[in-house]
Amino acid sequence: MTSDERPAWCVVGRGTGGRCALVELDALGARLREVEIEPERLADEVARRESAVSPRWVWSDTPTWYARLVDAGVTVSRGHDLRLIHVILRHSEMVREARALREAVDWDAPIDLQLEDRSAGETLFELDASSARPGGVPHGIEEALTEFARQRAAIDGATDPSRLRLLVAAESAGGLIAAELHAAGIPWDVAEHDRILAESLGPRPSPGHPPARMVESAAQVREALGDPQLSLDSPPRLLRALHRAEIDVESTSKWELTRYDHPAIEPLLRYKKQSRLLAANGWAWLDEWVHEGRYRPVYVPGGVVTGRWASSGGGALQIPRQLRPALRADEGWRLVSADVAQLEPRVLAAMSADTAMATAGAGKDLYSGIVDAGIVASRQEAKVGVLGALYGGTTGDSGRVVPRLRRTFPDAMALVDGAAATGERGGTVSTWLGRSSPAPEAAWTQAQTSAYRPEASSGEQERARRSARDRGRFTRNFVVQGTAAEWALSWLAALRLALGRFEPVAPEAAAPASGPVFARRAHLAFFLHDEVIVHAPADQAEAAAEAIRAAADAAGRLLFPGSPVDFPLDLTITERSPAS
DNA sequence: TATACGCGCGCG
DNA sequence: AAAGCGCGCGCGTATA
């Protein structure tokens, strides 16, 4: 083993005296070289190694290290996020020996959102001891090397190392992508957003005043209820006023109100919609979150137990469809939007190797395929039934359709029914690539045990059964939602690498607001569970669309080699995102 | 005055 | 018709 061997990994961490340490490892984890450098030189040193050997970069957590590199104009193609991977491995059923990982409690820290959303102007790489936040993961190089060795041992000794390695790579790629999405931002048309607000609410009022059209709606509600002083924003008072008008709802929720025919209902529903728009995405939101034509949400990979991403600040994953037209490509650029048709049922069909379900989905619309197979009469019934199968629905339309699906798709239904049964018993279930559901809380297990005693009251038994069913629905959905998240991460990861190979466009065609790394080529701009938006120079839009399709095919083959299940996309190239 | 919690609704 | 899974956020209300 010689020192000029090509490194497979490069571990980055805090060294001595405020310097950064880089340690290159060979494929077996043996140290090849190590250097300590001043923090200002880190971006250059990373860029040099990336272009020479493109190692997999290992660091404590991606927001801490990578956001600064991206800002400095440096990207890397592959990473290993010790914090994200630690959380997966310490719970994974695939890991045979997790004791050492579980004892490394420092690595079980939640993401530090302050750091992720760091403000501009903060000095680069102030990673000395004084800036380490209590409760965060360790950033020192020796801690990183030790944890990395633990993680490699856990993966190598797993029941299915190759699947777990796919998950580790996909999760880490997600970390890189989240940082890049934040840096690039979503191209946002403030004028269009303002126009949509004005259309619904009236022109922007002066601070502290309600918009005119909301005042109007509220007045109509008060008039119809005969209560001139009523405050619509207080659910208890509104409920009492509705009862006085003989509208016998149990809550003030929208779905319940729509069932009543009364002159107050229409303006009340309108008021609620206006109120929601104003509070969640009104002018204050615009002022706070959109700057220089970009909305830059903070994405939180692994933020959901199932492996889905969460977000923090601005409600990035809940942008109302109504505001979609405010997403607008820069001049000379396009938005390439793609979403997967029925991702979760297709993932279920592939996991369970249910050939009947694969056949129903072959081509385009899975729900229509179920109708065509003569199982249900309408697409809507098919959809409600499939969602009921995934979520554990027992009542209403879904409860009626699920038994038919159980006969038609026995393998798919056996998989989710089995996951539900395991959850009801207090067991753990896992996704296709090995992310496992959390164990039940001690109080849950205690309550189940207690309810089994002969002297347990019927109320106690009923509560225990209900909570067992609740947990069963969670584990039922966990395996599908979690595997769909793995598919989506694989899709994104493949797409990102493909876009990274696009030729830069001429400087005069650049989109400077996207930042130095992304301004001159097609790049990811938005991700939402089963949907991506790529911001692309007009003459790269078609190629980007093809890359999105190719990445979806690649994700399917990677996770489910040989499976007949396909993952068709709805794909559009536009200047402005359609309201749909 | 600050914090915790439930409601309602936006997204998949 | 409005359920069955996973979230984040703003609001009003209750509690300290």
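For the numbers below, each heavy atom of this structure counts, side chains included, while hydrogens, waters and symmetry mates do not. Small disclaimer: the values here were computed from a predicted structure and weren't measured. Each chain gets a letter, A, B and so on, in the order the sequences are listed, and its residues count up from 1.
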Worksheet entry | A316(A) backbone acceptor or donor facing Y295(A) side chain under 3.5 Å |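 Flag set: sc Y295(A) to bb A316(A) pair under 3.5 Å.
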Practice prompt. Kindly state each residue pair satisfying ring-ring contact (aromatic ring centres under 6.0 Å, His included) with at least one member in residues 233-263 of chain A, sequence neighbours excluded.
Written response: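 Listed once each, the pairs would be none.
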Worksheet item: Is dG4(C) in the syn or the anti form, by the rule that syn lies within 90° of 0?
Response: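 Here dG4(C) takes the syn form, which means its glycosidic angle is within 90° of 0.
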Worksheet entry | salt bridge (charged side-chain N to carboxylate O under 4.0 Å, His left out) against R549(A), all qualifying residues, sequence neighbours excluded |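 If we apply the salt bridge (charged side-chain N to carboxylate O under 4.0 Å, His left out) test to R549(A), skipping adjacent residues, there are no hits.
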Item to complete: With sequence neighbours excluded, tell me which residues meet salt bridge (charged side-chain N to carboxylate O under 4.0 Å, His left out) with E486(A).
Response: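 So E486(A) forms no salt bridge (charged side-chain N to carboxylate O under 4.0 Å, His left out) with any residue.
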Item to complete: Taking side-chain hydrogen bond (donor to acceptor under 3.5 Å, both in side chains) as the test, write out the residues that go with R240(A), two or more places apart.
Response: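 Listed in chain order: nothing, the list is empty.
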Worksheet entry | side-chain hydrogen bond (donor to acceptor under 3.5 Å, both in side chains) partners for E223(A), two or more places apart |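 For E223(A) there are no side-chain hydrogen bond (donor to acceptor under 3.5 Å, both in side chains) partners, ignoring immediate neighbours.
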Pairs: protein N or O with nucleotides 12-16 of chain C N or O, under 3.5 Å:
unit_1, atom_1, unit_2, atom_2, d
dT13(C), OP1, S234(A), OG, 2.3

Interface polar pairs with nucleotides 5-9 of chain C, N/O, under 3.5 angstrom:
unit_1, atom_1, unit_2, atom_2, d
dC5(C), OP1, R473(A), NE, 2.8
dC5(C), OP1, R473(A), NH2, 3.2
dG6(C), O4', Q481(A), NE2, 3.2
dG8(C), O4', Q318(A), OE1, 3.1
dG8(C), O4', Q318(A), NE2, 3.4
dG8(C), N3, Q318(A), NE2, 2.8
dC9(C), OP1, G313(A), N, 2.3

Worksheet item: Which residue pairs satisfy the side chain to side chain donor-acceptor pair (under 3.5 Å) criterion with at least one member in residues 375-388 of chain A, sequence neighbours excluded?
Response: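 Sorted pair list: D365(A)-R379(A).
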Item to complete: Could you identify which residues of residues 242-258 of chain A place a heavy atom less than 4.0 Å from some atom of DNA chain B, listed by residue number, or say none?
Response: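 Going residue by residue through residues 242-258 of chain A, the ones with a heavy atom under 4.0 Å of DNA chain B turn out to be S251(A), T252(A), S253(A), K254(A).
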Could you give the side-chain donor-acceptor pairs of residues 471-480 of chain A under 3.5 Å, partners two or more places apart or in another chain?
unit_1, atom_1, unit_2, atom_2, d
R471(A), NH1, G423(A), O, 2.9
R471(A), NH1, G427(A), O, 3.0
R471(A), NH2, G427(A), O, 3.3
R471(A), NH2, P438(A), O, 3.0
R473(A), NH2, D470(A), OD1, 2.5
T475(A), OG1, A419(A), O, 2.8
T475(A), OG1, R471(A), O, 3.2
T475(A), OG1, G472(A), O, 3.2
R476(A), NH1, A389(A), O, 3.1
R476(A), NH1, D417(A), OD1, 3.1
R476(A), NH2, D417(A), OD1, 3.1
N477(A), OD1, Q481(A), NE2, 3.0
N477(A), ND2, L390(A), O, 3.4

Discussion item. Under the rule for side chain to side chain contact (heavy atoms under 4.5 Å, CB included), what residues qualify as partners of D189(A), not counting sequence neighbours?
Written reply: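 If we apply the side chain to side chain contact (heavy atoms under 4.5 Å, CB included) test to D189(A), skipping adjacent residues, the hits are A191(A), E192(A), R328(A), R576(A).
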Fill in: Secondary structure string for DNA chain C (Watson-Crick or G-U under 3.5 angstrom, | for other-strand pairs)
....||||||||||||
